[in-house]
2 protein chains.
Amino acid sequence: MSEQLRTDRADRRPTRQRTAIAEALSGTAEFRSAQEIHAALARRDERVGLATVYRNLQAMAGDGEVDVIRTADGEAVYRSCATDDHHHHVVCRSCGLAVEVTGDAVERWAEAVAAEHGFTEIRHTVEIDGLCAACAAARTR
Amino acid sequence: MSEQLRTDRADRRPTRQRTAIAEALSGTAEFRSAQEIHAALARRDERVGLATVYRNLQAMAGDGEVDVIRTADGEAVYRSCATDDHHHHVVCRSCGLAVEVTGDAVERWAEAVAAEHGFTEIRHTVEIDGLCAACAAARTR
DNA sequence: ACGCAGTTTGACAACGGTTCTCATCTAGGA
DNA sequence: TCCTAGATGAGAACCGTTGTCAAACTGCGT
Ligand SMILES: [Zn+2]
Ligand SMILES: [Zn+2]
Ligand SMILES: [Zn+2]
Ligand SMILES: [Zn+2]
């Protein structure tokens with residue numbers, strides 16, 4: 001497994017902004033972009049600088065407190081996950097709803113197929129996307 | 001399965017630029033960015049506008065002639081693959097070397113786990129990265 | 001070979017997300 | 001309370017990518 005990342009996480013101060021960002025993240029099952037979060041906070045009269053939102057999201061992602069994935073057009077979106085354990089997501093292309101999933105089969109396959117080709121320090125990302133039941137229903141209505 | 005993409009691909013003219021770009025792509029086992037390709041062509045005295053490189057790469061990607069993945073920092077990188085069939089890549093974090101791999105287990109797992117949660121029109125992306133044998137050796141030397 | 005219509009190209013501007021700068025503010029231990 | 005390293009925010013800077021539009025080119029019919 002290994003996790004050479006996560007060096008510190010220690011010296012992080014609980015500022016008003018930091019808390020606001022974390023809260024904005026928990027409470028939704030969707031991945032949100034830094035800008036969306038910034039806008040959401042502003043709407044709620046929580047004044048937080050855009051740069052601060054970016055910085056904290058990155059920090060949280062680095063500490064593994066939130067997951068990050070890249071939209072098809074390269075935008076980074078974040079989500080605070082229910083578990084700290086390694087997992088993946090199934091995301092709805094239409095509404096953004098994301099559910100967490102795991103699967104030993106994939107984990108082992110990734111490790112094995114990479115090792116077969118002489119690779120080491122193997123990592124992987126798996127993203128599954130589709131239309132959630134609700135969106136599929138809305139579409140055919 | 002399904003492939004609702006790939007609508008036409010018919011009316012595409014074989015221009016000097018188009019050929020140069022395709023050639024620059026075939027011949028390397030690494031994923032290259034639009035800018036890298038543009039620079040490589042310039043170095044070879046093949047004058048091709050940057051916008052043209054972007055346009056053609058996108059078109060080729062849309063036609064499935066090349067594969068695109070996003071770098072960790074959101075940059076799009078392209079590679080002309082050996083096969084047209086669905087597959088994934090194991091990429092070296094250090095030198096960019098990429099080998100193509102397949103695995104029914106993953107394909108089925110992705111489909112199954114998404115369907116379990118009520119998703120339809122399921123797609124997926126899987127990227128594995130690590131250190132290739134050569135880079136690992138160079139590092140410990 | 002010639003001409004025309006629809007493509008494609010290229011220089012450059014415009015965009016949008018992200019990062020940088022740096023003066024100012026703040027949490028928290030001494 | 002004081003002091004200091006860490007944190008913040010406004011705005012500029014960055015940088016990959018996309019849009020603009022006139023000029024150049026290609027396939028095709030004549
Ligand atoms: Zn949905
Ligand atoms: Zn995994
Ligand atoms: Zn390598
Ligand atoms: Zn696959």
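Heavy atoms only: backbone and side chains are in, while hydrogens, waters and symmetry mates are out. The sequence lines fix the lettering, A, B, ..., with proteins before strands; numbering per chain opens at 1.
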task: Could you note down all residue pairs passing ring-ring contact (aromatic ring centres under 6.0 Å, His included) where residues 46-74 of chain A supplies at least one of them, sequence neighbours left out?
output: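 Counting only pairs at least two positions apart or across chains, no ring-ring contact (aromatic ring centres under 6.0 Å, His included) contact touches residues 46-74 of chain A.
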Rounded to whole Å, please give me the gap between [atom1] in [X] and [atom2] in [N].
X	N	atom1	atom2	value
B:Gln17	C:dG10	CD	C1'	9 Å
A:Arg16	D:dA7	CZ	C1'	12 Å
B:Glu75	C:dG16	CD	P	20 Å
B:Arg13	C:dT8	CZ	P	6 Å

message: Tell me which residues in residues 29-41 of chain A lie within less than 4.0 Å of DNA chain C, going by non-hydrogen atoms.
response: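 Per residue number, the list reads A:Gln35.
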- request: Give the minimum heavy-atom separation between A:Ala61 and A:Val68, together with the two atoms involved.
  value: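 Answer, listing the atom of A:Ala61 first, then A:Val68: CB-CG2, 3.3 Å.
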task: Identify, with sequence neighbours excluded, every residue that meets ring pair (Phe, Tyr, Trp, His ring centres under 6.0 Å) alongside B:His38.
output: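 Per chain and number, B:His38 pairs via ring pair (Phe, Tyr, Trp, His ring centres under 6.0 Å) with no residue.
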query: What pairs with B:His86 under ring pair (Phe, Tyr, Trp, His ring centres under 6.0 Å), at least two apart in sequence or on another chain?
result: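 Per chain and number, B:His86 pairs via ring pair (Phe, Tyr, Trp, His ring centres under 6.0 Å) with B:His88, B:His124.
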Option passing side chain to side chain contact (heavy atoms under 4.5 Å, CB included) with B:His89 (candidates B:Asp67, B:Val101, B:Val99):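 Result for side chain to side chain contact (heavy atoms under 4.5 Å, CB included) with B:His89: B:Asp67.
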- request: Would you mind listing every side chain to side chain donor-acceptor pair (under 3.5 Å) that reaches into residues 41-51 of chain B, with sequence neighbours excluded?
  value: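 Only B:Arg16-B:Glu46 qualify under side chain to side chain donor-acceptor pair (under 3.5 Å).
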Proximity to DNA chain D (any heavy atom under 4.0 Å), residues of residues 50-60 of chain A only: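 A:Ala51, A:Thr52, A:Arg55, A:Asn56, in order of number.
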Contact under 4.0 Å: B:Arg18 side-chain N or O vs C:dT8 OP1/OP2: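 The answer is yes; a side-chain N or O of B:Arg18 sits under 4.0 Å from OP1 or OP2.
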field: Presence of A:Thr15 side-chain N/O under 4.0 Å of D:dT8 phosphate oxygens OP1/OP2
entry: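 Indeed, a polar side-chain atom of A:Thr15 lies that close.
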query: Atom CG in A:Asp73, atom CD in A:Glu75: separation rounded to 0.5 Å?
result: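 Between atom CG of A:Asp73 and atom CD of A:Glu75 there are 6.0 Å.
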field: Separation of A:Thr28 OG1 from A:Leu97 CG (nearest 0.5 Å)
entry: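 If we round to the nearest 0.5 Å, A:Leu97:CG and A:Thr28:OG1 are 10.0 Å apart.
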